[in-house]
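Take a look at the structure below.
Letters A, B, ... are given to chains in the order of the sequence lines, protein chains preceding strands, and every chain is numbered from 1. Quantities reported herein were computed from a predicted structural model and do not represent experimental measurements.
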Amino acid sequence: MFPLYLGIVPFAVAFAVTSRAAGLSVWETQVLSLLVFAGASQFSAAQMFATGASGPAIVLTTFLLNVRHALYGVSLARVVALRPWQRVVSAFFLTDEAYGVMVASGAKTFAFLLGAELSLYVSWNAFTLIGALAGSLLPDPVALGVDFVFPLSFLALLVPIIRARAELIVAIFSGALAFAISSKLPGGLPILITGVVGSLLGAWLTASEAPPTPKLRDAIREVA
Amino acid sequence: MSNFWLIVAGMVIVTFGSRLLGLFITAPLPPFWLRFMRFVPIAVFAALVTPNIAGSSGEGAMRFVAAALCGVLAWRTKQLWIGLFAGMAAFWLLRSVF
């Protein structure tokens, strides 16, 4: 379980530094971690703020990135007996890692679920703050090349979740499509379009397969 | 950044909403959309990588080399942070040399 926390520490710091480099304040950076609490979408939002993307584009990209959490909710709701208010509370703090901890431990209680979720929440926010403050001490983040953390993070996120041929095809197609249209379209529009078109391609390519179920190893390797 | 709070509110609604939806859902989704959702992280992550590798600082070549190292290590180790740190270290090393 410990590597989960080790994994989110550099990512939280990297997000905070990128967010500061994108022009968000320490408080705005922290607010994203406190209220949204979803690493990949916080990263993309920071980047989109920097490029002047529209609000709807940022929110829709966030939706595309985070709608996968519904899969983990569906899976958890079948295993853990939850009252309605417990569903609401555990939904707010639900992450890929918390789901991974639940499946790995075999625990079936709300208390264990909330404990896993909150320990990740506290870690994520503590290291967001550290990164945001340390980032503000850096003389010029862009001159240091810190913006490079952004594509690298998503590359490091992407590679381990490619395990099947269809996933490799979708990744290559999506990368090429985004690269081709990013110079012609503003802000987050290429991400949105690529997210939808690439996922449609994937669903079409796998039309003959059985519906997927969330796997533990996927959950552990993705970020909050 | 007057739009900031409005955008954050939207992000919270769609993120919290997705998490709520799953925990309250009992009926299964249509198979096509289950498969669609499986590919969303892959398509979106790829879209966030390729347009941003080169950057605007004329360091495209060394960034590409560093990204390749990051990708290979992430693939071999299956660890996000090993690829990330190796990629940044390689980038900074190349920068200081060239």
task: Quick one: list whatever passes side-chain contact (heavy atoms from CB on, under 4.5 Å) with A:Ala91, sequence neighbours left out.
output: B:Phe16, B:Arg19, B:Leu20, B:Leu23
- prompt: Got A:Phe37 and B:Thr15 here, is their nearest side-chain heavy-atom distance under 4.5 Å?
  reply: no
- line: Bottom line for B:Ala66: the part with an atom under 4.5 Å from chain A's heavy atoms is both
task: For chain B, find which of A:Leu76, A:Leu35, A:Leu177 contributes the most heavy-atom pairs closer than 4.5 angstrom.
output: A:Leu35
query: Contact part of A:Ser90 toward chain B, heavy-atom cut-off under 4.5 Å: side chain, backbone, both or neither?
result: both
- prompt: For A:Ala180, is it the side chain, the backbone, both or neither that has a heavy atom under 4.5 Å from a heavy atom of chain B?
  reply: neither
query: Who wins among A:Gly198, A:Ala14, A:Ala176, A:Pro151 for the most heavy-atom pairs under 4.5 Å with chain B?
result: A:Pro151
message: Less than 6.0 angstrom from the centroid, inside 45 degrees of the normal: does A:Arg87 satisfy that with respect to the ring of B:Phe24?
response: yes
- request: Check the angle between the aromatic planes of A:Tyr121 and A:Phe93 and answer parallel, tilted or perpendicular using the 30° and 60° thresholds.
  value: perpendicular
query: Does any heavy atom of chain B fall under 4.5 Å from the side chain of A:Leu32, the backbone, both, or neither of them?
result: side chain
- prompt: Taking only residues two or more places apart in sequence, or in another chain, which ones meet B:Thr50 in a side chain to side chain donor-acceptor pair (under 3.5 Å)?
  reply: none
field: Between A:Gly55, A:Gly73, A:Ala171, the one whose heavy-atom pairs under 4.5 Å with chain B are most numerous
entry: A:Gly73
query: What residue, out of A:Leu60, A:Val31, A:Leu82, has the most heavy-atom pairs lying under 4.5 Å from chain B?
result: A:Val31
Any side-chain heavy-atom pair of A:Leu200 and B:Phe32 under 4.5 Å: yes
task: For chain B, find which of A:Val197, A:Ile172, A:Leu158, A:Val80 contributes the most heavy-atom pairs closer than 4.5 angstrom.
output: A:Leu158
